[in-house]
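Contents: one structure, followed by commentary.
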Amino acid sequence: MKYRLYKPDDFDALYAIETVCFEPPLRFERAYLRQLTRARNSATWVAEENDGKPVGFAVVEWRPARGGRVAGYIATIEVLPEHRRVGAGGALLGRAEVSAREAGADAIWLHVDARNEVARRLYEKHGYTEAGASENFYGPGQGARILVKDLAKDVGKRAE
Ligand SMILES: CC(C)(COP(=O)(O)OP(=O)(O)OC[C@H]1O[C@@H](n2cnc3c(N)ncnc32)[C@H](O)[C@@H]1OP(=O)(O)O)[C@@H](O)C(=O)NCCC(=O)NCCS
């Protein structure tokens with residue numbers, strides 16, 4: 001597996017991954033995903049097979065936070081089912097963290113579907129801890145957990 005930054009030509013392949021990995025209401029609209037990938041305060045990392053086919057991606061954003069700080073936010077991480085469990089999700093997460101840190105973030109956070117145990121384990125394995133919950137975040141009765149990680153602790157650490 002190889003990891004690289006997104007190019008605009010990747011968009012259709014990434015949206016195809018989105019439609020496999022998420023059903024509405026969790027699935028991003030095309031226009032929203034396009035806006036995320038184009039934003040100046042975001043980075044999109046792509047996992048690709050040796051033949052160059054994208055099989056997963058992650059989007060991280062960063063924004064000003066209290067006290068003049070910057071906080072990163074994982075907008076999504078998704079890997080096609082047949083390519084899961086070989087470390088791509090963790091590798092994409094590591095690269096997203098590096099991008100956030102390079103943008104000045106000293107912390108990173110995310111929402112995860114309260115029922116998504118697999119994703120929660122991925123994040124916990126990578127040092128995220130629960131910091132709260134957001135009821136009805138994805139829709140009526142579909143809550144999210146809020147997970148956070150202090151990035152200041154591992155300054156200088158490289159992606160896996
Ligand atoms: C969550 C997701 C991105 C993980 O991708 P992945 O490439 O399989 O992740 P990794 O191989 O790096 O797995 C890392 C860890 O996550 C946990 N994990 C991943 N899949 C798991 C599973 N099926 N059951 C239990 N734990 C699992 C494990 O702790 C695993 O470490 P281990 O293999 O050493 O036990 C992938 O399952 C996915 O795309 N899911 C659908 C989209 C989604 O829910 N994204 C999260 C949005 S918040």
Side-chain angles (χ1 to χ4, degrees), residues 1-6 10-37 39 41-63 71-101 105 107-151 154 157-160:
M1 201 78 79
K2 286 194 290 190
Y3 302 93
R4 59 165 176 81
L5 285 166
Y6 168 85
D10 296 322
F11 185 78
D12 287 339
L14 267 47
Y15 200 71
I17 296 171
E18 176 75 21
T19 60
V20 171
C21 291
F22 292 106
E23 297 291 332
L26 275 73
R27 183 185 294 162
F28 289 155
E29 298 287 344
R30 267 184 91 85
Y32 182 67
L33 185 60
R34 200 183 284 280
Q35 180 193 317
L36 273 180
T37 58
N41 63 329
S42 78
T44 301
W45 283 94
V46 178
E48 66 178 20
E49 281 276 74
N50 292 335
D51 64 2
K53 179 178 171 276
V55 299
F57 69 99
V59 184
V60 59
E61 304 173 85
W62 48 86
R63 292 184 190 283
Y73 180 76
I74 303 283
T76 192
I77 297 188
E78 40 198 283
V79 175
L80 287 175
E82 59 274 28
H83 296 278
R84 289 181 190 162
R85 216 64 202 267
V86 291
L92 288 167
L93 182 58
R95 282 159 178 78
E97 289 173 2
V98 169
S99 291
R101 211 181 283 123
I108 191 159
W109 68 293
L110 57 94
H111 288 93
V112 59
D113 180 352
R115 295 168 304 191
N116 191 343
E117 276 302 314
V118 166
R120 204 157 63 104
R121 283 193 200 177
L122 163 77
Y123 295 125
E124 282 171 359
K125 181 179 173 187
H126 291 272
Y128 288 73
T129 55
E130 200 163 328
S134 184
E135 237 177 274
N136 304 324
F137 181 74
Y138 296 108
Q142 282 188 271
R145 292 177 206 276
I146 295 168
L147 303 184
V148 298
K149 179 175 177 178
D150 181 358
L151 292 180
D154 37 41
K157 196 172 151 193
R158 298 174 62 89
E160 282 165 23

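Keep in mind that the numbers below use all heavy atoms, side chains included, and drop hydrogens, waters and symmetry copies. Atoms within a ligand are numbered from 1 in the order they appear, just like the ligands themselves. Quick caveat, the model's predicted, so the values are computed rather than measured.
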Taking non-hydrogen atoms only, is [X] closer than 4.0 angstrom to ligand 1 via side chain, backbone, both or neither?
X    : result
V86  : backbone
Y123 : side chain
K125 : side chain

* **Single hit among K53, H83, R4 for side-chain hydrogen bond (donor to acceptor under 3.5 Å, both in side chains) with E48** => R4
* Asked: What residue and heavy atom of the protein are closest to atom 11 (O) of ligand 1, and at what distance?
  -> G87 N, 2.8 Å
* Asked: Can you tell me the protein heavy atom closest to atom 42 (C) of ligand 1 and the distance?
  -> F22 CZ, 3.4 Å
Check each of [options] against [atom] and report the one with the nearest heavy atom.
atom                    : options               : value
atom 37 (O) of ligand 1 : R84, E124, H126       : R84
atom 27 (C) of ligand 1 : R85, E117, R115       : R85
atom 26 (N) of ligand 1 : E78, R121, H111       : R121
atom 17 (C) of ligand 1 : L93, L147, L122       : L122
atom 45 (N) of ligand 1 : L110, I77, V118, N116 : I77

* Asked: Quick one: are I77 and Y123 in side-chain contact, heavy atoms under 4.5 Å?
  -> yes
* D12 and R30, any side-chain heavy atoms less than 4.5 Å apart -> yes
* In terms of ring plane angle, is the pair F137 and H111 parallel, tilted or perpendicular, where the classes change at 30° and 60°? -> parallel
* **F11 and Y15 aromatic ring geometry - parallel, tilted or perpendicular at 30°/60° bounds** => parallel
[X] side chain to [Y] backbone, donor-acceptor under 3.5 Å:
X    : Y    : value
D113 : A144 : no
E130 : R145 : no
S42  : L36  : yes
N41  : W62  : yes

Less than 3.5 Å between some nitrogen or oxygen of [X] and one of ligand 1, yes or no?
X    : answer
A119 : no
V79  : yes
A91  : no
G89  : yes
G90  : yes

* Structure fact -> In terms of heavy-atom contacts, L14 and F57 come closest through O-CE2, 3.4 Å
* Asked: Can T76 be said to touch ligand 1, with heavy atoms closer than 4.0 Å?
  -> no
